[in-house]
Amino acid sequence: MEQRFIFKNRKPRLDVFHTVWQAPSNIALIKYWGKTAPQLPKNASLSFTLSDAFTQTAVTFKPLKTPTETVSFRIVFEGEEKPSFRPKLETFFEQIVLYQSFLLHYTLEISSHNTFPHSSGIASSASSMAALAACLMDLEAQLSPMSEDLKKEKTSFLARLGSGSASRSIQGPMMAWGAHEAIPHSSDLVAVGVDAIHPVFQSYCDTILLVDKGQKQVSSTLGHQLMHNHPYAEQRFAQANRQLKNLVPVLQSGDLDAFIPIVEKEALDLHAMMMTSDPYFILMQPNTLHIIQAIWSFRTKTNIPVCFTLDAGANVHVLYPKNVAKEVMAFIESDLLSFCENRQCVHDRVGVGIKKA
Ligand code: PMV
């Protein structure tokens with residue numbers, strides 16, 4: 001139990017409270033893949049906070065006459081009640097009620113939607129858990145006033161218990177999660193902002209190419225589990241921490257020639273873990289590889305610093321600085337969209353984190 005995150009006000013004043021928050025998705029440059037209970041990472045990770053791909057969540061908290069034993073809630077997603085979302089939320093509330101005992105005095109009406117297309121293969125657990133955590137923390141701060149810094153920190157802490165990567169969606173332009181010597185104040189419990197980022201990375205662009213909009217073949221829950229008996233697990237965790245250490249000075253200097261190989265290698269390392277686990281998976285599709293090849297030839301031909309990263313799926317995140325956005329977008333349109341389902345992509349960029357709507 002993390003004592004400093006426990007809610008302490010014994011007699012909070014209970015009124016109806018309604019709040020709405022937006023939380024963005026994030027894309028890891030150094031990937032988190034492998035964890036131990038309770039949702040603690042096996043290596044440190046670092047991500048760009050995105051901007052336009054976000055979840056908006058509204059919660060109405062209605063006080064109850066007698067407290068319940070487990071958190072009482074209803075979940076509506078994009079206008080429809082979603083029983084299939086309940087198990088993940090029930091587990092989340094079981095974890096966090098230790099830190100927010102006041103939740104047992106309310107029933108929660110949660111209503112949520114994403115700005116990115118439904119079942120686009122873009123992970124929504126980070127943005128949705130961060131948005132929900134922001135709503136819960138808004139109420140907590142009413143019941144027991146706290147500093148903005150503590151509020152953000154605990155938002156990341158709660159979001160992490162819902163989905164590890166959600167801890168990194170709280171602020172921009174970048175966050176790191178997991179204790180690491182190269183990141184001051186870093187911790188396995190909460191994500192922290194990465195300081196002194198070169199201006200080129202503060203407006204970086206990410207176009208997400210929707211290669212496969214289907215359900216993920218491997219849930220991240222299963223993926224993390226597969227790292228338990230993985231023959232290369234220990235090397236991978238050490239490698240990720242080394243790559244993070246190498247990336248930090250690059251983020252400060254803005255050296256894109258050094259940035260690109262670290263980021264692309266991380267994406268391929270993540271997929272290499274899936275290809276060599278038991279059972280094994282190939283999450284890339286033929287079009288994922290076509291896109292990677294096309295990015296490499298375009299980069300060689302033009303010297304434009306565009307690169308890719310991947311999540312645990314077939315979609316490709318195309319990363320590039322804002323000053324070449326025009327050329328890269330023309331290249332995406334002419335050479336890459338034909339590899340996407342219905343030529344679909346989402347143009348996004350680095351953002352600032354959670355916002356009250
Ligand atoms: O937060 P989870 O449990 O959904 O895991 C996310 C894992 C990756 O998206 C593949 C990598 C990352 O660090 O975001």
Side-chain angles (χ1 to χ4, degrees), residues 1-23 37-40 54-113 124-164 166-167 169-170 189-191 353-357:
M1 280 278 266
E2 267 314 292
Q3 294 300 326
R4 72 196 172 104
F5 289 133
I6 296 176
F7 175 78
K8 298 208 178 69
N9 184 348
R10 284 182 181 277
K11 286 221 170 297
R13 200 195 131 130
L14 306 176
D15 292 318
V16 173
F17 183 69
H18 177 77
T19 188
V20 188
W21 284 78
Q22 295 175 347
Q39 204 91 289
L40 299 170
F54 65 83
T55 298
Q56 176 162 312
T57 297
V59 183
T60 306
F61 299 85
K62 296 184 174 162
L64 295 166
K65 287 214 170 74
T66 34
T68 46
E69 297 216 328
T70 54
V71 178
S72 152
F73 69 94
R74 259 187 78 212
I75 172 73
V76 170
F77 180 68
E78 295 183 346
E80 269 178 48
E81 185 123 14
K82 284 277 175 190
S84 61
F85 286 16
R86 290 193 70 87
K88 189 163 178 167
L89 284 170
E90 280 163 7
T91 310
F92 172 63
F93 284 124
E94 268 165 37
Q95 302 269 328
I96 67 155
V97 76
L98 300 168
Y99 298 99
Q100 290 195 318
S101 52
F102 61 85
L103 289 176
L104 298 173
H105 295 267
Y106 291 92
T107 182
L108 280 56
E109 292 192 354
I110 309 168
S111 169
S112 201
H113 69 265
S124 61
S125 65
S127 55
S128 58
M129 284 301 174
L132 179 56
C135 293
L136 302 178
M137 282 311 297
D138 202 12
L139 172 59
E140 178 171 337
Q142 307 291 321
L143 300 176
S144 178
M146 65 181 81
S147 71
E148 273 307 304
D149 282 353
L150 177 61
K151 188 175 169 191
K152 280 212 168 144
E153 211 186 343
K154 189 166 169 184
T155 306
S156 174
F157 175 80
L158 296 180
R160 183 201 107 230
L161 292 169
S163 162
S167 67
S169 275
I170 310 306
L189 300 176
V190 296
I354 55 171
K355 273 188 243 167
K356 197 169 174 129

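You'll find the side chain of Glu90 stays beyond 4.5 Å of the side chain of Thr70, heavy atoms only. Annotation: side chain of Ile96 is not in contact with side chain of Val71 (no heavy-atom distance under 4.5 Å). The shortest side-chain heavy-atom distance between Lys88 and Ser125 falls under the 4.5 Å cut-off. Using a 4.5 Å heavy-atom threshold, the side chains of Leu40 and Pro38 count as touching. Residues Ser111 and Thr57 have side chains not in contact (no heavy-atom distance under 4.5 Å, counting atoms from C-beta outward). Side-chain contact check for Phe17 versus Val59: every heavy-atom pair is 4.5 Å or farther apart. Proximity of Met129 to Leu89: side-chain heavy atoms (C-beta onward) are separated by under 4.5 Å at one or more points. Counting heavy atoms from C-beta outward, Gln100 and Leu158 have side chains that approach closer than 4.5 Å.
A donor-acceptor contact closer than 3.5 angstrom links the side chains of Ser127 and Thr55.
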Chi angles and distances behind the side chain to side chain contact (heavy atoms under 4.5 Å, CB included) call for Ile354, Phe54: CA-CA 9 Å; Ile354 55 171; Phe54 65 83; over 6 Å; no
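For Pro87 against Ser84, the heavy-atom pair with the smallest separation is CD-O, 3.5 Å. Contact between Thr155 and Ile170 at its shortest, heavy atoms only, is CG2-CD1, 3.8 Å. Nearest heavy-atom pair, Phe102 versus Leu136, reported as atom, atom and distance to 0.1 Å: CZ-O, 4.1 Å. Among all heavy-atom pairs drawn from Ala130 and Ser169, the shortest one is CB-CB, 3.8 Å. Closest non-hydrogen pair, Leu64 versus Thr107, comes out as CG-N, 3.8 Å. In plain terms, the two heavy atoms of Phe92 and Gly162 that are nearest each other are CD1-CA, 3.4 Å.
In this structure, NZ on Lys154 lies 8.0 Å from CD1 on Ile6, to the nearest 0.5 angstrom. Here the straight-line distance linking atom CG of Leu139 with atom CZ of Phe7 works out to 8.0 Å at 0.5 Å rounding. Interatomic distance, Leu108 CG to Leu132 CG, rounded to the nearest 0.5 Å: 8.0 Å. Here Gln142 contributes atom CD and Thr19 contributes atom OG1; the two are 8.0 Å apart, rounded to the nearest 0.5 Å. For the atom pair CD of Glu153 and CE of Met137, the computed distance is 10.0 Å after rounding to the nearest 0.5 Å. Here the CD-NE2 distance, from Glu78 to His113, works out to 7.5 Å after rounding to the nearest 0.5 Å.
Under a 3.5 Å cut-off, the side chain of Arg74 and the backbone N or O of Glu81 do not form any donor-acceptor pair. Side-chain atoms of Ser144 never come within 3.5 Å of backbone atoms of Glu140 as a donor-acceptor pair (strictly under, hydrogens ignored). Using modelled atom types, one side-chain atom of Gln39 and one backbone atom of Arg160 make a donor-acceptor pair closer than 3.5 Å. The backbone N or O of Ala191 lies less than 3.5 Å from a partner atom in the side chain of Ser156, making a donor-acceptor pair.
Counting heavy atoms of neighbouring residues, nucleotides and ligands inside a 6.0 Å radius, atom NZ of Lys62 does not exceed 12 of them.
For the pairing with Phe73, the ring-ring contact (aromatic ring centres under 6.0 Å, His included) check across Phe93, Tyr106, Phe85 returns one residue only, Phe93.
For Phe157, the ring-ring contact (aromatic ring centres under 6.0 Å, His included) test picks out Phe5, Tyr99, with sequence neighbours left out.
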